[in-house]
Amino acid sequence: MSSSRRQYPFHLIEPKWQQTWEQQQAFRAFNPGEVLPHGHPFSKRHGLEGKTASAENLPSKFYILDMFPYPSGAGLHVGHPEGYTATDILARYRRAVGFNVLHPMGWDSFGLPAEQYAVKTGQHPRVTTEANIANFTRQIKSLGFSYDWSRELATTDVEYFKWTQWIFLKLYNSWFNSETNKAEPIETLEYPDWLEKVEEYPEIDRVKGEPFHFIRPQTIEEKKRIHRDKHRLAYVSEAPVNWCPELGTVLANEEVIDGKSEVGGFPVIRKPMRQWMLRITAYAEKLLQDLDTIDWSDSLKQMQVNWIGRSEGAEVKFKISDTGGVYFTVFTTRPDTLFGATYCVLSPEHSLVAHITTPEQEKAVADYKAYAAGKSDLERTELAKEKTGVFTGAYAINPVNGEKIQIWIADYVLASYGTGAIMAVPAHDTRDFEFAKKFNLPIVQVVGSAPASGAVASALAGNTGRANASSHATPPIAADGASAAAPEAGALPFVEEGIAINSSFISGLPTAEAKKKITAWLEDKKLGKRTINYKLRDWLFSRQRYWGEPFPIIWKKDAAGNLYHEALPESALPVLPPTLEDYKPTAGGEPPLARAKEWLNEIPDATRETNTMPQWAGSCWYYLRYTDAKNAQSFVGKDADNYWMASNGKAAGVDLYVGGTEHAVLHLLYARFWHKVLFDLGHVATPEPFYKLVNQGLILGEDGQKMSKSRGNVVNPDDVLVEYGADAFRLYEMFMGPLQDTKPWNTKGVEGVYRFLGRVWRLFVDEKSETAFEQAETTTEAQRHGELLDLIMLDGGITDIAASPAQLKTLHACIRKVTEDLDGMRFNTAISAMMVFTNEAMTWQTKPLSVMKPFLQLLAPFAPHIAEELWSRLHGTFGQTAPSLAYAPWPKYDAALLVESEIELPVQVNGKFRDTIKVAMDADNATIEAAAKASEKVQQFIAGKAIKKVIIVPKRMVNLIVA
RNA sequence: GCCGGUGUGGCGAAAUGGCAGACGCACAGGACUUAAAAUCCUGGGACCAUAAAAAGUCGUGCGGGUUCGAGUCCCGCCACCGGCACCA
């Protein structure tokens, strides 16, 4: 294709207009309070030249956001500009419609690759990062996107991460008040009575994974401090974390895929470490419920719903036999099966295990704990098929029937979910069933499938049908299940809902009612309570890296010798990372920051925190900073936030956010969480950050495979641009198919839209002058080629004469289709509508200005460079006011022009299409029927037959039913 | 296993329950050209038929159903893609 003739001089047009836009600052968005410059096309369009902008005099805002990229060394690939093109088209369209559009771009520039490069070469990550940003900027700018570059930001900018650290301080200095159901400043936290009265620090108040070297606090102040620290939204925990030796850092649960790191695919092991956590679980319910208030795809919402994993059930206390009152709590979603609980299982890490294990079982339990601890997550997943576990020797009492049941430990019970302990109901849970089978534990059926008739089976109460798995080849059948009205016993495990059997006072009740009744009974007897659990875990927020935001935190020791943390004051921000020669972790496994001894001990009697924040931190609030990117007093100003995030009357936030599905549960959940905290604390005006969210689909290689370096099927936008130009590239990205779909790249397809642009060009320019231009180009040095564009003349067929009805109809049909498709984000069909227009216009002898100009406006959002160029030529020749195509009011279609006087109707006979007839638009049914019957082709099928029925759908079709 | 999505020509794809395949790619034929490229015109789901046509039949993953009429709605399968996965 490189030998083929250039369709039109995009190589000159595109840089020309990109420069023009930049010089004009054409796409700068204006905030309330700014003075709108004279001569700016936006000021002109809205009559605001020289005026001070305010929420009142500015047009409605529209905030269109792309997920900002990590500026990798590899540069842009064709997947990036897919979303960027879509948002750019909409941004340009909205400007034309009259909105004040905010469309910014920036860089998610903290990240591992630059740090790994630093470890290898010693080059500071900032140097690498800046070079990569420069390359990304060049590439993105070459595509002609209408970003407001004055708001550009990078998460690595000191002036940016200063505020990231500031937000961390807000998290650190607040707690979640479940009474008011929101985050509040830590000062509002009240202290429990025992704090002042009891000398001892109660065992019961110690949290799971209590800190590191815990020494009993000695003063009330120390106790208060510990109490506060346990309630902060940012807290320290010493718990097993996902440690990736290869990366030398811990990872959040979400960053671990199948036991391997999401980045690089390295093995991940569980290791107890002191880590910073963010209390996202406090927001589980809000994060779940508020999904209803935002316009995201069902599948994306579903992913978040699954991730949050809400489940309703009950906590039930099980006393341990022969200990006089020591108990543990289990969580179950099926309290109705309590009568079928035939043993209990604690997770190997459960704190009670050490206390209850009998001497005989001690060795077995210790061995098993060691075995379970040694397993990586990957092994745990792989070995999931075969259940393992050991008996502790201890027994629990089933609270509903007083039976003594065995307590086991097994790693199929997770320490991190629920209470870390379960009651096992093998008859009605697949996992418990497998386990019971393997270890010959009793299986008791307590739920039967509902009988076919609606008979009530209340007579079943009081029976107990029990059996040992070992003594029955087939699962036991409830002894009382024989009567016709009784629930049917089926194959076990029976995990569905049904009718309770063998369950004393709840027998005969359908599952839902049985749950209610037994939960009430448990609550009444103080043996349990209704509970809601979430799969969502707190967010592991620290990383052992150099290239991230340092924590504004220092460590000190109290009188008792306890290490404790303290926040630096806001005045200490930003906390800059130290300069290092060597970016590796220390030999002792400490983060790289620990190498900077001076920095570490800069503050008297204190040591700095050496962890840094994860990459997600910066992306949690960048959309807010865009609205007020230069604010030095605040992370975002109130007016800016109110205008850009809250002034549209809808639920909230960014009007349209486009990015890949890979962020469905990470970034999008974290950002919502931060936003909600900031909202609760009164720092932002809306409860949700992103109102409408669209995921663009993946672009595959030409071979239909995912693009990857190893497959060698990566398409570099730079190459495509050289060959076809930015407009063709943009057009093709959108023409491939629906934005949300996964679709393969096809270079031949680019040629198609490129040819279309060539046809548009030839529709407007004089062929001879173009030839002259091309000849001149061969004899002129490259630097002066731009001037030669003036040699190209408008086509003589374009004149300022009245358009024919047919021409108007072609235009207005196109306006309607393109407008409607833009509103529905159906870019592919909008483009096809413009192709239809072009194909039609090619046949015209005269091309009225009144038709050709609006067409260019339709084209402009998609292919802005060629549209601007042709627009300016029309302006040059016809001299009508055309300050800038970018702000020219969007054309409106005239429905009256699209009305047909005659209409073609399909005629069916017995539902089969046979012919079309032409009738007047307003023809009555009798006329239509007569016309249909008169058709020769139809005659063949109805001749000699009786017409039983005639169906006429006005303006749609005719169907004749014959015998 | 659970949740979500998608199945339409050789390919990317269109179709408020009403003429399936718009638009584009690839392909074939023609015009222009010394020739090619570019451009312009024409054709095209499959089958059957024919010198060529017309007419006809079948066609939206598979099997049923609703309807005058189904790619579209309902029920049951199958395949592929994405997410989650011992979450009690």
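Chain letters run A, B, ... following the sequence lines, proteins first and then strands; every chain starts at 1.
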Rounded to the nearest angstrom, tell me the gap between atom [atom1] in [X] and atom [atom2] in [N].
X: A/Tyr343; N: B/rA88; atom1: OH; atom2: P; answer: 16 Å
X: A/Leu960; N: B/rG18; atom1: CG; atom2: C1'; answer: 14 Å
X: A/Ile903; N: B/rG18; atom1: CD1; atom2: P; answer: 14 Å
X: A/Tyr754; N: B/rU39; atom1: OH; atom2: C1'; answer: 13 Å
X: A/Leu731; N: B/rC23; atom1: CG; atom2: C1'; answer: 12 Å
X: A/Phe756; N: B/rC40; atom1: CZ; atom2: C1'; answer: 17 Å
X: A/Asp821; N: B/rA13; atom1: CG; atom2: P; answer: 17 Å
X: A/Tyr724; N: B/rG24; atom1: OH; atom2: P; answer: 17 Å

Among the nucleotides [options], which one has an atom lying closest to any side-chain atom of [X]?
X: A/Tyr412; options: B/rU16, B/rC23, B/rC86; value: B/rC86
X: A/Pro906; options: B/rA26, B/rC19, B/rC23; value: B/rC19
X: A/Gln908; options: B/rG18, B/rU39, B/rA14; value: B/rG18
X: A/Asn828; options: B/rA14, B/rG24, B/rC68; value: B/rA14

Expressed in whole Å, how much space separates the [atom1] atoms belonging to [N] and [M]?
N: B/rA49; M: B/rC68; atom1: C1'; answer: 31 Å
N: B/rA15; M: B/rU72; atom1: P; answer: 15 Å
N: B/rG24; M: B/rG56; atom1: P; answer: 29 Å
N: B/rG18; M: B/rC11; atom1: P; answer: 26 Å
N: B/rC27; M: B/rG63; atom1: C1'; answer: 36 Å
N: B/rG30; M: B/rA20; atom1: P; answer: 33 Å
N: B/rU8; M: B/rG21; atom1: C1'; answer: 8 Å
N: B/rG71; M: B/rG9; atom1: C1'; answer: 14 Å

key: side chain to side chain contact (heavy atoms under 4.5 Å, CB included) between A/Leu905 and A/Met957, worked out   = CA-CA 5 Å; A/Leu905 283 184; A/Met957 50 69 66; 5.6 Å; no
Looking at [X], I'd like to know whether one of its side-chain N or O atoms comes within less than 4.0 Å of OP1 or OP2 on [N].
X: A/Lys438; N: B/rC86; answer: no
X: A/Arg755; N: B/rC23; answer: no
X: A/Arg762; N: B/rC40; answer: yes

query = Is the gap between the ring centers of A/Phe837 and A/Phe855 under 6.0 Å?
reply = yes
message = Is it the case that the ring center of A/Tyr327 lies less than 6.0 angstrom away from the ring center of A/Phe318?
response = no
task = Could you grab the distance from atom CG of A/Asn839 to atom OG1 of A/Thr810, nearest 0.5 Å is fine?
result =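 Output value for this atom pair is 11.0 Å.
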key: Donor on one side chain, acceptor on other, A/Asp411 and A/Tyr368, under 3.5 Å   = yes
B/S/- contact track for nucleotides 2-12 of chain B, protein heavy atom under 4.0 Å = -SS-------B
message = One thing to verify: whether A/Glu312 and A/Lys515 come together as a salt bridge, which I'm taking to mean a side-chain N less than 4.0 angstrom from a carboxylate O.
response =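 Answer for the salt bridge query: no.
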ask   = Parallel, tilted or perpendicular for A/Tyr8 and A/Phe10, by the 30°/60° rule?
value = perpendicular
ask   = Would A/Lys535 and A/Ile308 satisfy side chain to side chain contact (heavy atoms under 4.5 Å, CB included), going step by step from the backbone distance to the final call?
value = CA-CA 6 Å; A/Lys535 283 203 293 189; A/Ile308 294 166; over 6 Å; no
ask   = How should the glycosidic conformation of B/rG65 be described, syn or anti, under the criterion that syn lies within 90° of 0?
value = anti
Please work out if [X] contacts a base, only the sugar-phosphate, or nothing of the nucleic acid, heavy-atom cut-off 4.0 Å.
X: A/Glu904; value: base
X: A/Ile961; value: sugar-phosphate
X: A/Thr332; value: sugar-phosphate
X: A/Lys535; value: base
X: A/Ser311; value: sugar-phosphate
X: A/Lys948; value: nothing
X: A/Phe941; value: sugar-phosphate
X: A/Val953; value: base
X: A/Asn839; value: sugar-phosphate
X: A/Met834; value: nothing

message = Just so I know, are the side chains of A/Phe941 and A/Asn910 near enough to count as touching, which here means a heavy-atom distance under 4.5 Å?
response = no
message = As a check on the pairing definition, encode RNA chain B in dot-bracket form, counting Watson-Crick and G-U wobble pairs whose two distances are under 3.5 Å, and using | for partners outside this strand.
response = (((((((..(((.....[....))).(((((.......))))).(((........)))..(((((..]....))))))))))))....
Sole candidate of A/Tyr343, A/Tyr412, A/Trp408, A/Phe433 that passes ring-ring contact (aromatic ring centres under 6.0 Å, His included) when paired with A/Phe439 = A/Trp408
Pair listing, salt bridge (Lys or Arg N to Asp or Glu O under 4.0 Å) test, anchored in residues 732-745 of chain A, at least two apart =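 Checked against salt bridge (Lys or Arg N to Asp or Glu O under 4.0 Å) - neighbours excluded - the pairs reaching residues 732-745 of chain A are A/Glu82-A/Lys743.
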